[in-house]
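Notes for the one structure printed next.
Read the numbers this way: they start at 1 and go in the same order the structure lists the ligands and their atoms. Just so it is clear, the values below take in all heavy atoms, side chains as well, and ignore hydrogens, waters and symmetry mates. Computed from a predicted model, the values in this text were never measured in an experiment. Start at 1 with the first residue, then count along the sequence.
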Amino acid sequence: MTLNSSSVDRIFDVSALVSAEDWAWHQRALDFGHHHLHPHIDNDFDAKHFRHEIVSQLGKSGFLGMHIAGYGCAGASATAYGLVCHALEQVDSGWRTLVSVQGSLAMGAIAHWGSEAQKEEWLPRMARGEVLGCFALTEPEGGSDPAAMTTFARRDGSDWVLNGTKRWIGLATLADVAILWAQTDDGVRGFIIPTDTPGFHAAEITNKLSMRASVQCEITLTDLRLPDSARLENALGLRGPFTCLTEARYGIAWGVMGAAKSCLDVAVERATSREVFGRPIGANQLIQAKLANMLVEYQKGMLLALHLGTLHDVNELTPAQVSIGKLNNVREAISIASQARSILGGDGITSDFPVMRHMANLESVRTYEGTDEIHTLILGRELTGIPAF
Ligand code: TGC
């Protein structure tokens, strides 16, 4: 049986395009969302509550760092990881973001750039959800140009001393460890910072109207001292954080189609059940046109995500291809959510339906991991060879 089966699933059977093993990951993630996340998400969003206890359950289910091989991680395919992002974001972008931050960004940085000892020390516990990570790159002056970061790590004997401020860092007040990027005399370097290190302070940004079931923070570092063993051994230059961002952006291209599907399913259900002028609103051509357009863009977005997954699984995926996926799929998910809201009429702005919550979340997703504008310019540079940043 396919969980969450709807007319959208019937028209476009994704399971026919992926392996049985990858599809089983999707079904497990749908089941997880249904049992552990759905029952609470509206209240949590309303109350700005992050359900911390879910992290270890995500770990037990194998979703954290699931496409990393070894070190207690599941070693699943990139396509399976994407399908899990899709399933979790059907509930809420905040939960897919957690899996992205923990798996693609924090664990991904250690797996890609860490020493063997660092991988052994951190990855198994992070995969189990016993250790929560965050990824600190963005600074208050703006996230689009990490090359301009002012957080600085100064050499002091065999130690490093860090000072600076990071902003919009997911989960930093709750995290046990931060992967933090700082400028040094010889380029950007990454550091693994236990968050109980003296000089580390995180404060929650509390006035968000988006991603309210998730936590974003500001971090300040004041003369924070680290041994050289805390430095990500193999990372030097912006390639370090950007490699992790590419992974997370890949997951977003899948995830946002989950949010879009949630909106589309609700719109179809409402169009066939709500009557105005003595007949279902879905009997009107204007409503059917909206639904058809939403379906077309959803399926195009899914095919794009599947294409990226296939390329990723044969190690052929490029950052520019990921930019296409992030740019297009977030843009179309926002459009689908907006059309769903209009089909729901006034009810669409209430928390009786998930649509407005998805719309608000997607504005964050459009902004983080490279804005629409940045991905547009990455593609412009790819086509012309001319950076227009
Ligand atoms: P550029 O010269 O293009 O590149 C510098 C070096 O990095 C390499 N590179 C990449 N490698 C892997 N994946 C990518 N996507 C890469 N993009 C670049 C590049 O090959 C080069 O390597 P090397 O070895 O030759 O030095 O750097 P640039 O400064 O010109 O880049 C410009 C631009 C605009 C493309 C870049 O700055 C950019 O992508 N900006 C957007 C940054 C962004 O997405 N920020 C949001 C971060 S999200 C966040 O902080 C929140 S985390 C989630 C949470 O906590 O909730």
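Judged purely by atom type and a 3.5 angstrom limit, Q118 has no side-chain atom pairing as donor or acceptor with the backbone of I110.
Within the cation-pi definition used here (under 6.0 Å to the ring centroid, within 45° of the axis), R189 does not qualify as a partner of W181.
When each of D352, D46, D42 is tested with R357 by the rule salt bridge (Lys or Arg N to Asp or Glu O under 4.0 Å), just one qualifies, namely D42.
When ring centroids are compared, Y368 and W168 stay outside the 6.0 Å threshold.
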Using a 3.5 Å cut-off on N/O to N/O, what pairs does ligand 1 make with the protein? A line per pair would be great.
residue: ligand 1; atom: 3 (O); partner: R381; partner atom: NH1; Å: 3.0
residue: ligand 1; atom: 3 (O); partner: R381; partner atom: NH2; Å: 3.2
residue: ligand 1; atom: 7 (O); partner: R239; partner atom: N; Å: 3.4
residue: ligand 1; atom: 13 (N); partner: F242; partner atom: O; Å: 3.3
residue: ligand 1; atom: 13 (N); partner: T246; partner atom: OG1; Å: 2.8
residue: ligand 1; atom: 15 (N); partner: T246; partner atom: OG1; Å: 2.8
residue: ligand 1; atom: 20 (O); partner: R239; partner atom: NH2; Å: 3.3
residue: ligand 1; atom: 22 (O); partner: R239; partner atom: NH2; Å: 3.4
residue: ligand 1; atom: 24 (O); partner: R239; partner atom: NE; Å: 2.9
residue: ligand 1; atom: 24 (O); partner: R239; partner atom: NH2; Å: 3.3
residue: ligand 1; atom: 37 (O); partner: S144; partner atom: O; Å: 3.3
residue: ligand 1; atom: 39 (O); partner: R249; partner atom: NH2; Å: 3.2
residue: ligand 1; atom: 40 (N); partner: S144; partner atom: O; Å: 2.8
residue: ligand 1; atom: 44 (O); partner: R249; partner atom: NH2; Å: 2.8
residue: ligand 1; atom: 44 (O); partner: G370; partner atom: N; Å: 2.8
residue: ligand 1; atom: 45 (N); partner: G143; partner atom: O; Å: 3.1
residue: ligand 1; atom: 50 (O); partner: T138; partner atom: OG1; Å: 2.6
residue: ligand 1; atom: 55 (O); partner: G170; partner atom: N; Å: 2.7

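Residues E204 and Q216 have side chains not in contact (no heavy-atom distance under 4.5 Å, counting atoms from C-beta outward).
Using cut-offs of 30° and 60° for the angle between ring planes, the Y250 and W254 rings count as perpendicular.
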